[in-house]
Amino acid sequence: MITFLAGGTGTPKLIQGFRKILSDKEIAVIANSADDIWLYGLYISPDIDTILYLFSGLLNEEKYWGIKNDTFQTLDFLKRYNEDIWFNLGDKDLALHLFRTEKLRKGEKLSLIVNQIKNQLGISAKIFPSSEKHIETRIITKEGEDIHFQEFWVKHRGNVSIDKVYIKGIEEAIVPSEVLETLDESEIVIIGPSNPITSIGPIIMIEEIQRWFQKNKEKCIAISPVVGRSPLSGPTAGLMKAENRESTALGVAQIYQDLCSCFIVDNQDKGRISEIEQKTGLIVEARDIIFKDINVAKNLANYILKRGNVL
Ligand code: FO1
């Protein structure tokens, strides 16, 4: 079993490379649930849904969210009643939010609902939300506003000066019961190339998960989501800065240094390997990690599996 900690875009691209080599039964994903949001009366779990749509072949691979060829007629009509519509839910995508919200309202656990959706979509990989209880990433702006991550990223398109980031409810997060045993059974655990502050951060900040990684760093490997000073996707740079971290592979390695033994950077950052090794104690290796096409992700998957003696 190979297990991934995943956020929205970078890690799903890497997982696609692994799926060219492994069967889905051999893959488990712990998806960030701190991007989850209540909107329009519905409970939406963007990172979990991206993983569900990826494994079921439904994912819109241009955007890395939502269903391919979906339409937005319901949302357009909703705008007639509610002008404050800024988060786009496709007509087919809405079915998942309706199904999940009804079950949550009846008191069912998020992980069981995800499991049911996963089975109904014919997915054989294991997929878990990082927390059963709702947690959410919030941004405090320099103007003192306290907004949800999705408001920051989608409503304001990331054009907000960030003062602080915090994960509301993180102390009360509940890890789904199967997560720790899946991690124990895994030959390799991969911290994917997702945003370390708002995608991976809310997973590794959960105490039980953090303790598991600290005890099992030998089989854990992290992939940098930053090349040079540029993130592979999303708002990583501004968020790292707000956390007083440099937005480079070194800055990311410093976040993960107690949680894994190996850190993979892009070939362009080869020149910084010894500095990162010295400052973090990690083994640092350089590969091509910019997933321009599936072969780059497949090659990286092949390398990681060979390195971990899985192939
Ligand atoms: N991202 C956008 O930039 N605009 C949207 O309108 C949007 C809608 C959306 C709906 C469902 C979903 O699962 C994801 C959606 N996303 C949208 C992506 C999401 O905001 C983020 O990219 C992730 O949360 C970050 O991992």
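Note that the numbering runs from 1 along the sequence shown for the chain. Indexing begins at 1, ligand by ligand and atom by atom, following the structure's order. These values consider heavy atoms only, across backbone and side chains, with no hydrogens, waters or symmetry-generated copies.
Atom-to-atom distance recorded for L54:CG and D24:CG is 8.5 Å, nearest 0.5 angstrom.
Shown in contact with D47 at under 4.0 Å from a heavy atom are these atoms of ligand 1, numbered in order with element: 23 (C), 24 (O), 25 (C), 26 (O). For ligand 1, the atoms sitting less than 4.0 Å from at least one non-hydrogen atom of G8 are 26 (O), numbered in the order shown with element in parentheses. Residue-ligand proximity, L89 to ligand 1, at heavy-atom distances under 4.0 Å covers atoms 10 (C), 11 (C). Counting atoms of ligand 1 from 1 in the listed order, those under 4.0 Å from a heavy atom of D35 are 23 (C), 24 (O), 25 (C), 26 (O).
If you look at Y64 next to ligand 1, there are no close heavy atoms at all, none under 4.0 Å. Residue D93 touches ligand 1 through its side chain alone, judged by heavy-atom distances below 4.0 Å.
In summary, of the residues considered (F4, Y303, F291), a ring pair (Phe, Tyr, Trp, His ring centres under 6.0 Å) with F18 occurs for F4 alone.
For ligand 1, the polar-atom distance check against S45 finds no nitrogen or oxygen pair separated by under 3.5 Å.
T71 and Q73 are not linked by any side-chain donor-acceptor pair at a separation below 3.5 angstrom, with hydrogens and angles left out of the test.
Classification of R272 and E246 as a salt-bridged pair holds, one side-chain N sitting under 4.0 Å from a carboxylate O. A salt bridge links E275 with K279: at least one charged nitrogen is closer than 4.0 Å to a carboxylate oxygen.
When W65, Y53, F72 are checked for heavy-atom proximity to atom 14 (C) of ligand 1, W65 turns out nearest.
The aromatic rings of W153 and F149 lie parallel to each other, with less than 30° between the two planes, well short of the 60° mark.
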